[in-house]
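In listed order, ligands and their atoms are each counted from 1.
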Amino acid sequence: MPTNSRHFLQIPGPTNVPERVLRAIDRATIDHRGPAFQELAGKVLAGLKRVFRTEEPVIVYPSSGTGAWEAALVNTLRPGDRVLAFETGHFASLWRGIAERLGLEVAWVPGDWRRGVDPSIVEERLRADTGRTIKAVMVVHNETSTGVASRIAAIRDAIDRAGHPALYLVDTISSLGSIDYRHDEWGVDVTVGGSQKGLMLPPGLAFNAVSKKALDASRQATLPRVYWDWTPMLEANARGFFPYTPATNLLYGLAEAIAMLEEEGLDAVFARHDRHAAATRAAVTGWGLEVLATDPAEQSSALTAVVMPDGHDADRLRQIILEQFDMSLGQGLGRLSGRVFRIGHLGAFNDLTLMGTLAGVEMGLKLTGVPHERGGARAAMESLTAAATTKAEAAT
Ligand SMILES: *Cc1c(COP(=O)(O)O)cnc(C)c1O
């Protein structure tokens with residue numbers, strides 16, 4: 001149904017780009033070797049450190065997140081190195097595939113796509129590696145295909161308990177700017193990020209936050225790297241420039257997005273996502289449907305994957321919702337194709353956007369003939385108003 005009002009883009013990335021960010025991007029492209037650019041780069045590179053919660057450099061690539069995945073590996077490892085990785089879902093599986101195609105040997109811990117990385121298995125696998133052949137541990141923080149968030153700090157503790165020197169590489173492409181994340185405090189060596197999810201930007205920028213240990217490893221690393229090489233990037237960044245043409249207009253948008261996150265306050269941003277996720281789960285339970293993520297301690301605040309009742313196709317539901325209500329929901333990826341749909345509740349998002357989204361889902365369930373209980377949207381409203389009442393009481 002064509003409409004001339006705003007499309008509801010409720011996939012878990014790319015997310016809705018706020019007007020402020022669109023307006024910031026809509027400016028003349030400048031000389032990327034001139035003083036105005038230098039000022040922009042300085043501002044953006046400093047702001048990114050606050051978002052990643054690091055004192056170390058953050059590298060910005062004009063690429064999709066996949067490029068930053070590759071960059072994390074080629075800058076730190078050698079051909080044939082062993083890495084430990086976990087089958088949390090589709091994105092973890094894709095990152096594994098990149099590692100293999102680069103000639104790394106992946107020790108793969110299978111999973112059921114409903115739970116995150118188990119810290120006790122990390123500890124066990126690293127303790128068993130007495131020869132210290134594992135050079136890196138690869139973890140996806142927020143598995144966007146399943147709505148499961150792994151516990152990054154607990155996994156750090158597990159690596160430390162094993163006393164293992166492996167690098168810790170973490171994908172935060174769909175958690176950065178929506179779920180609490182601390183690069184330095186959690187001892188992460190390379191954090192991989194992307195622009196189009198919690199950071200509320202269009203696709204096209206990707207990040208590597210780099211620890212001192214990762215930087216040391218990069219001096220010994222021998223996988224071929226040119227475009228992704230940290231060294232010329234860090235040298236140029238130190239002067240406020242880039243070794244090749246940067247995505248200037250996306251950097252304008254990034255400066256604005258960081259300003260928006262900081263005006264709200266990062267902790268308030270995370271609390272907002274927690275609240276919206278809780279309300280979404282209340283809706284799913286209210287419909288009598290099942291949240292894919294089984295462990296409440298791992299349920300994502302950025303998106304919720306909903307399991308379809310047997311015999312019902314999630315893609316048909318999504319298609320009807322798109323046609324009737326002009327809303328895009330996330331499809332089931334990989335082995336979850338047709339079996340789940342994903343509600344993105346991250347980025348530029350407020351209570352009424354959530355209610356519009358959930359109302360669209362509830363109406364779609366009815367139109368598609370999916371067995372469900374009425375009242376999921378109502379349960380979400382109760383959840384949101386209960387949280388609002390607490391806030392209002394605190395204010396008086
Ligand atoms: C979106 C996403 C990616 C892939 O990023 P692209 O920008 O599509 O290359 C990787 N990991 C996670 C967790 C994601 O959500």
Enquirer: How does the hydrophobic cluster around Trp113 look, that is, which other residues are in it when side-chain heavy atoms under 4.5 Å mark a link?
Expert: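 The other cluster members (ILVMFWY side chains, heavy atoms under 4.5 Å, direct or chained) are Leu292, Val307, Leu336, Val340.
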
Enquirer: Do Tyr181 and Phe270 pass the ring pair (Phe, Tyr, Trp, His ring centres under 6.0 Å) test, and can you show the C-alpha distance, the side-chain angles, and the key distance before you say yes or no?
Expert: CA-CA 10 Å; Tyr181 185 78; Phe270 303 146; 9.5 Å; no

Enquirer: Test the Arg50-Phe52 pair against the cation-pi criterion, namely NZ or CZ under 6.0 angstrom from the six-membered ring centroid and within 45° of the ring axis.
Expert: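 No.
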
Enquirer: By the salt bridge (charged side-chain N to carboxylate O under 4.0 Å, His left out) test, which pairs, at least two apart or in different chains, include something from residues 349-376?
Expert: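 Only Arg275-Asp351 qualify under salt bridge (charged side-chain N to carboxylate O under 4.0 Å, His left out).
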
Enquirer: Quick check against the 3.5 Å criterion: does Arg342 have a side-chain atom that pairs as donor or acceptor with the backbone of Gln331?
Expert: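 Yes, because the side chain of Arg342 sits within donor-acceptor range (under 3.5 Å) of the backbone of Gln331.
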
Enquirer: In order of chain and number, which residues sit within 4.0 Å of ligand 1 by heavy atom?
Expert: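 Contacting ligand 1 under 4.0 Å are Ser64, Gly65, Thr66, Trp69, Phe91, Val140, Asn142, Thr144, Asp171, Ile173, Ser174, Gln196, Lys197.
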
Enquirer: Which residue pairs pass the ring-ring contact (aromatic ring centres under 6.0 Å, His included) test with at least one member in residues 338-359, sequence neighbours excluded?
Expert: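 Sorted result for residues 338-359: His276-Phe349.
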
